[in-house]
Asks: 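Attaching a single structure in structure tokens format; questions to follow.
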Amino acid sequence: MFGLSLGSINVFLISAATKTTLTTTTRSCFSSKIHPVSVTVRKKRSKNSVLSQIEGQKFATHEIEGFAYNKGAKELAQHSESPAYWKKVLEGIRKMSCSADETADGREFDKEADTLDPKERRFSVLASSLLSSQTKEHVTDGATQRLRQNGLLTADAIDKVDEETIKKLIYPVGFYTRKASNLKKIANICLVKYGGDIPSTIEELLLLPGVGPKIAHLVMILGWNNVQGICVDTHVHRICNRLGWVSRSDTKQKTLTPEETRVTLQQWLPREEWAPINPLLVGFGRTTCTPLRPHCGECAISRFCPSAFKVTPSTSSKSKKSILKKKL
DNA sequence: GTCCAGAGGA
DNA sequence: TCCTCCGGAC
């Protein structure tokens with residue numbers, strides 16, 4: 001159960017949040033190498049040099065690493081004001097998730113994951129993260145199981161097996177043809193460049209085919225227990241905008257992309273919430289705060305939500321087109 | 001038929 | 001910025 005891995009993440013988070021100095025205990029909580037990063041962010045995402053989209057935004061090294069241990073760190077980590085009641089909102093969503101009897105994470109990663117060799121565990125995290133995107137949970141689980149049963153959850157094995165076999169085994173995950181091809185390429189890169197392990201930084205993960213910001217951050221958290229940033233998918237993006245938790249700089253307009261949401265959200269959301277917020281909002285977004293016709297009537301936090309009961313169904317470009325067609 | 005959901009290519 | 005990739009739920 002992913003809960004196990006989440007457990008270890010929680011341990012890390014608590015220690016990171018409460019330590020005031022960098023101790024060996026804290027350091028040992030990271031299974032990964034720590035890469036101090038100072039990133040200048042660009043407006044347009046390019047595969048080679050990227051982290052995010054807000055121009056001029058810089059992260060202090062200690063912030064990126066996950067430590068708020070020196071004097072200036074707190075101010076830096078909190079340079080944007082938190083929206084009112086955000087704690088109550090998260091608490092309310094947590095309660096709803098529990099009563100709906102959902103898994104807190106919304107994702108099941110490898111029951112046997114803890115018995116695996118760390119390198120193999122990380123590769124399987126990367127593989128299942130890739131499969132899970134744009135795919136229902138049970139479908140991902142089935143595909144991952146089949147890969148495992150065939151011994152295909154290591155870089156070495158994937159590199160050797162032919163693409164057609166992978167394709168058949170992972171069917172019917174979303175975009176299985178492309179994913180099979182990407183998986184082969186990724187396995188080869190992991191083998192050649194990383195000795196069968198996976199990359200340990202966001203930048204290097206982003207160089208892998210089929211890995212964008214969403215999966216890169218997810219893999220850093222689940223694979224390396226290293227919270228570099230929030231894993232923002234379409235649910236986190238939508239819900240944060242509905243709640244008014246993020247907006248374009250100096251305006252009240254919604255953020256335009258998940259990447260913009262991620263950077264904006266990271267400016268005020270305390271670090272210990274970065275890892276758990278994705279599974280929490282994904283569950284909430286699938287059941288209650290749905291993209292089309294959200295169930296505000298049964299939502300326990302609607303009183304905190306500026307969009308409650310007035311979310312107009314977002315008109316997609318496709319439906320806009322068909323509306324236009326009908327008019328013509 | 002429409003929408004979902006991230007990444008990549010035009 | 002839009003389109004494409006996929007099966008499947010609705």
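Numbers restart at 1 for each chain; the letters A, B, ... are given by sequence-line order, proteins then strands. None of these values were measured; they are calculated from a predicted model.
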Asks: With rounding to the closest Å, how many angstrom separate the P atoms on C:dC6 and B:dA10?
Replies: 16 Å
Asks: With nearest nucleotide decided by heavy atoms, which residue, A:His138 or A:Val173, maps closer to the 5′ end of DNA chain C?
Replies: A:Val173
Asks: Nearest whole Å is fine: how far is C:dC5 P from A:Tyr171 OH?
Replies: 16 Å
Asks: Any salt bridge between A:Arg262 and A:Glu259, counting N to O under 4.0 Å?
Replies: yes
Asks: Check the pair A:Arg146, A:Gln149 against side chain to side chain donor-acceptor pair (under 3.5 Å), reporting the backbone distance first and the verdict last.
Replies: CA-CA 5 Å; A:Arg146 287 190 294 278; A:Gln149 284 157 8; over 6 Å; no
Asks: Nearest whole angstrom, please: distance from the C1' of B:dC4 to the CG of A:Leu292.
Replies: 10 Å
Asks: Whole angstrom is fine here: how far is it from CD in A:Glu137 over to C1' in C:dG8?
Replies: 16 Å
Asks: For A:Arg94, is there an ion pair with A:Glu273 - N to carboxylate O distance below 4.0 angstrom?
Replies: yes
Asks: Rounded to whole angstrom units, what separation is found between the CG atom of A:Leu256 and the P atom of C:dT1?
Replies: 8 Å
Asks: Report yes if the ring of A:Phe175 lies under 5.5 Å from the six-membered base ring of C:dC6 with planes under 30°, and no otherwise.
Replies: no
Asks: Starting from P on B:dA7, measure out to NZ on A:Lys214 and report it in whole angstrom.
Replies: 7 Å
Asks: Nearest whole angstrom, please: distance from the P of B:dG8 to the CG of A:Leu206.
Replies: 9 Å
Asks: With a 3.5 Å distance limit and no angle check, can you tell me whether A:Asn241 reaches the backbone of A:Thr255 through a side-chain donor-acceptor pair?
Replies: yes
Asks: So which one's nearest nucleotide on DNA chain B is more toward 5', A:Ala216 or A:Lys136?
Replies: A:Lys136
Asks: Can you tell me the distance, in whole Å, between the NZ atom of A:Lys168 and the C1' atom of C:dC6?
Replies: 18 Å
Asks: For side chain to side chain donor-acceptor pair (under 3.5 Å), just list the numbers for A:Glu204 and A:Thr201, CA-CA rounded to whole Å, side-chain angles, deciding distance to a tenth of an Å, and then say yes or no.
Replies: CA-CA 5 Å; A:Glu204 288 173 293; A:Thr201 63; 2.9 Å; yes
Asks: Under the side chain to side chain contact (heavy atoms under 4.5 Å, CB included) rule, collect the residues that match up with A:Pro118, sequence neighbours excluded.
Replies: A:Arg122
Asks: Does a salt bridge link A:Lys95 with A:Glu91, judged by any charged N lying under 4.0 Å from a carboxylate O?
Replies: yes
Asks: What is the distance, to the nearest angstrom, from the CD atom on A:Gln134 to the P atom on C:dT4?
Replies: 16 Å
Asks: Going by heavy atoms closer than 4.0 Å, what residues in residues 176-183 of chain A are next to DNA chain C?
Replies: A:Tyr176, A:Thr177, A:Arg178
Asks: Distance check, P atoms only: B:dA7 and C:dG8, in whole angstrom units.
Replies: 23 Å
